Amino acid sequence: MVSRLVLILGDQLSEEIAALREADRATDTVVMAEVMDEASYVPHHPRKIAFLFAAMRKFAAHLEGQGWRVRYTRLDDPDNAGSIPGELLRRAEETGATEVLAIEPGEFRLIAALEDCPIPVHLFPDDRFLCSHAEFDQWAEGRKELRMEWFYREMRRKTGLLMAGDKPEGGKWNYDHDNRKPAPDEITFRGPMQFTPDDTVEEVLALVEARFPENFGTLRPFWFATDRAQARQALAHFTAHALPRFGDYQDAMLDGNRFLYHAVISMYLNAGLLGWQEICEAAEAAYTAGDAPLNAVEGFIRQIIGWREYMRGIYFREGPDYTRRNALDHQRKLPGFYWTADTDMRCMARAIEQTRDEAYAHHIQRLMVTGNFALLAGIDPHEVHEWYLAVYADAYEWVEAPNVIGMSQFADGGIVGSKPYVSGGNYINKMSDYCKGCAYEVGEKTGDKACPFNYLYWAFLHRHRDRFGKNPRMAQMYRTWMRMSDEKRQATLDSAEAFLGKLDTGARV
Ligand code: FAD
Ligand code: DLZ
Ligand code: SF4
């Protein structure tokens, strides 16, 4: 009888995957493996590694309970081959299997490794997503601009989510103008649901502490969900308590509150513990029941069937060289404070400290604080990409790279965004309470005390005037820059140069 292996990777922890659907539990063997190659291709946050290993172990036990034969390799297994292809070969020899069934990995790196594997690997599409590669390509073909908003409307029509017949619920596709309120004085949501580590999690925490002692990031207290039942509880908690205000304060940032009204479910969704459909249906049900307003529910659903699916479409359409794009030719090294939070810029210190402590920062912290700074300072986008891939619990290249290389760093030359996401300190001051108590003055434009985001912003526009000067969406900014006196412009450029010079020497900024 032919026996096959069924490979399940750490971010494929769902019973619904095509490889399991195609497999036969009477004759095939599931292979799961904690391997150093995957755990170290970037210095992952310890919490990300622990989350995945614990969730993998529990998922393997669940499959065994469902009658599957599972060969699970722990990181400290003396026979551990160290890589996914190595583990497949070892298990093929043990079982006599001659073929591997798997679903497509979320990174080109691993797809290539499986394609090169001496044992044939049959890769099925990863149909945990709403939009297939072919469907995305069909949508993109012939379009001058791949704007997310048009893609999103197609996905609304396809799913029927928030649709009244063929019209969007409430008459509009997008309620963003009701969102983006500055940080409120009081947050009523007490944060995401937290789980006490059980024996499986404790065992993994000890392993990660022993094997990854140098990695950036705090491991304890570890509170992530690590199985599907817990992840569903976390989702229900968000839907009941935070979703109603998700839209209003989506872009706000507060020193004393790391999660505001965000869902904090991306790590569960990306690892397979939750599916997009159940999340969106839970949100829509809250709207239908009158428990959450349309601006919140539409905004939330847009992130998932819009942005998330769109980003994946871009990654697979653009190909393996995407992470090496550098349209603005930015060459500066990533400053050391991205790994220490040791900077006087309070917004940066807070976002990086939170990243270190939680393996989480919300979208605006990633985009308008750490991402904005890297772009303004001209940091090499590949270095920025590797940082984001390492430090967040939800980071896999298919979703991280288009967000970083495309949306945040404009390194793809404008595929994801029609203009760069840059701002001076005023935006951060409006949306957060970081500037109060910062060593820099957000109101100052030049000089030692001035907020670095202010002069770096204008220096960025000046540096890239040939590329962006004719962009109609940026015309107003360039007019403002050109209306400044020559002295003021020169003082701005001098302040930027002095700051960047200091940055390059490694001095504290
Ligand atoms: P919420 O704000 O509550 O949003 C709900 C869900 O929508 C998220 O769980 C996520 O699944 C989805 N979503 C929202 N925005 C995006 C987006 N831009 N792209 C894809 N999905 C989105 N998201 C990742 O999942 N992995 C990453 O590695 C990642 N890297 C990012 C890097 C940068 C520079 C930026 C600007 C954004 C990045 N994002 C990434 C998108 C977004 O920041 C996270 O999905 C979100 O912060 C996760 O937290 P949450 O679950 O509380 O999300
Ligand atoms: C991220 C990660 C880590 C840290 N470790 C493992 C592992 O040991 N075994 C495994 O199967 N998967 C791991 N992963 C997830 C993979 O890196 C992920 O499947 C690919 O990056 C593709 O998205
Ligand atoms: Fe950040 Fe500038 Fe505000 Fe300081 S003043 S917190 S550097 S935006």
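Counting starts at 1 for both ligands and their atoms, in listed order. The model shown is predicted, which means the values in this text are computed figures rather than measured ones.
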Exercise. Would you kindly check if the NZ (Lys) or CZ (Arg) of Arg312 is within the cone defined by 45 degrees around the ring axis of Phe129 and under 6.0 Å from the six-membered ring centre?
Key: yes
Numbered in order shown, the ligand 2 atoms found under 4.0 Å of a heavy atom of Tyr41 are 17 (O), 21 (O)
Open item on the list: Quiz question: by atom type and distance under 3.5 Å, do the side chains of Asn454 and Glu444 form a donor-acceptor pair?
Closed with: no
In chain-and-number order, ligand 1 lies under 4.0 Å from a heavy atom of each of Phe246, His262, Ala263, Val264, Ile265, Ser266, Leu269, Asn270, Phe300, Gln303, Ile304, Trp307, Arg308, Met311, Tyr360, Ala361, His362, His363, Arg366, Leu367, Tyr388, Asp394, Ala395, Val399, Glu400, Asn403, Val404, Ser408
Quick look: Trp398 vs ligand 2, heavy-atom contacts under 4.0 Å, and the answer is neither
Over-ring placement of Arg109 relative to Tyr41, 6.0 Å and 45° cut-offs | yes
* Asked: Considering residues, nucleotides and ligands other than Tyr421, do more than 12 of their heavy atoms fall under 6.0 Å from its OH?
  -> no
If we number the atoms of ligand 2 from 1 as shown, the ones under 4.0 Å from a heavy atom of Arg109 are 17 (O), 20 (C), 21 (O)
among protein heavy atoms, the one nearest atom 9 (N) of ligand 2 is Ala33 O, 2.7 Å
Atoms of ligand 2 under 4.0 Å from any heavy atom of Leu9, numbered from 1 in the order shown, are 11 (O), 19 (O)
the protein heavy atom lying closest to atom 10 (C) of ligand 2 turns out to be Gly10 N, 3.4 Å
Logged contact type for Met56 with ligand 2, heavy-atom cut-off 4.0 Å, is side chain
Tyr392 side chain to Ser266 side chain, donor-acceptor N/O pair below 3.5 angstrom:
no
Practice task
Run the ring-centre check on Tyr310 versus Trp307 and record whether the distance is less than 6.0 Å.
Solution key: yes
Discussion item. Can a side-chain donor-acceptor contact be found between Glu104 and His133 if the only test is distance below 3.5 angstrom?
Written reply: yes
Of all protein heavy atoms, the one nearest atom 23 (O) of ligand 2 is Asp11 OD2, 2.6 Å
Heavy-atom distance under 4.5 Å between the side chains of Phe108 and Tyr322, does that happen here?
no
Any donor-acceptor N or O pair under 3.5 Å, side chains Arg91, Thr73
yes
Per-atom filter on ligand 2: closer than 4.0 angstrom to a heavy atom of Glu34 are 8 (O)
Sequence neighbours left out, cut at 3.5 Å: what donor-acceptor pairs do the side chains of residues 422-432 make with other protein atoms?
unit_1	atom_1	unit_2	atom_2	d
Ser423	OG	Asn372	ND2	3.2
Ser432	OG	Ile428	O	2.7
Ser432	OG	Tyr434	N	3.1

Tell me, please: is Ile84 in heavy-atom contact with ligand 2, that is, under 4.0 Å? yes
Heavy-atom proximity to atom 13 (C) of ligand 2 ranks first, among Glu38, Glu87, Gln12, for Glu38
Candidates Asn80, Asp126, Ile111, Leu52; heavy atom nearest atom 1 (C) of ligand 2 found on Leu52
for atom 21 (O) of ligand 2, nearest protein heavy atom and its distance come out as Glu107 CD, 3.1 Å
Report yes or no: is the cationic atom of Lys181 (NZ for Lys, CZ for Arg) closer than 6.0 Å to the six-membered ring centre of Tyr261, at no more than 45° off its axis? no
Assess the residue pair Tyr315 and Trp398 against the criterion (ring-ring contact (aromatic ring centres under 6.0 Å, His included)); give the C-alpha distance rounded to whole Å, side-chain angles, the decisive distance to 0.1 Å, and a yes or no. CA-CA 6 Å; Tyr315 178 73; Trp398 66 265; 8.2 Å; no
of all protein heavy atoms, closest to atom 8 (O) of ligand 2 is Val35 N, 2.9 Å
With heavy atoms and a 4.0 Å threshold, my read on which part of Leu110 contacts ligand 2 is side chain
* Asked: Do Gln303 and Gln250 come within less than 4.5 Å of each other through their side chains, counting heavy atoms only?
  -> yes
The side chain to side chain contact (heavy atoms under 4.5 Å, CB included) partners of Ala54 (sequence neighbours excluded) come to Val201, Val204, Thr226
Checking Arg232, Arg57, Lys58 against Asp227 for salt bridge (charged side-chain N to carboxylate O under 4.0 Å, His left out), the one that qualifies is Lys58
Query raised in the report: Please walk me through it: do Glu15 and His62 pass side-chain hydrogen bond (donor to acceptor under 3.5 Å, both in side chains)?
Result: CA-CA 10 Å; Glu15 278 186 271; His62 172 77; 2.7 Å; yes
Any protein N, O or S atom under 2.8 Å from atom 2 (Fe) of ligand 3? Found Cys451 SG
Ring centres under 6.0 angstrom apart (Phe373, Phe337)
yes
Atom 22 (C) of ligand 2: closest protein heavy atom, distance to 0.1 Å, is Gly106 N, 3.4 Å
- Over-ring placement of Arg245 relative to Phe189, 6.0 Å and 45° cut-offs: no
task = Report yes if Pro105 has an N/O atom closer than 3.5 Å to an N/O atom of ligand 2; otherwise report no.
result = no
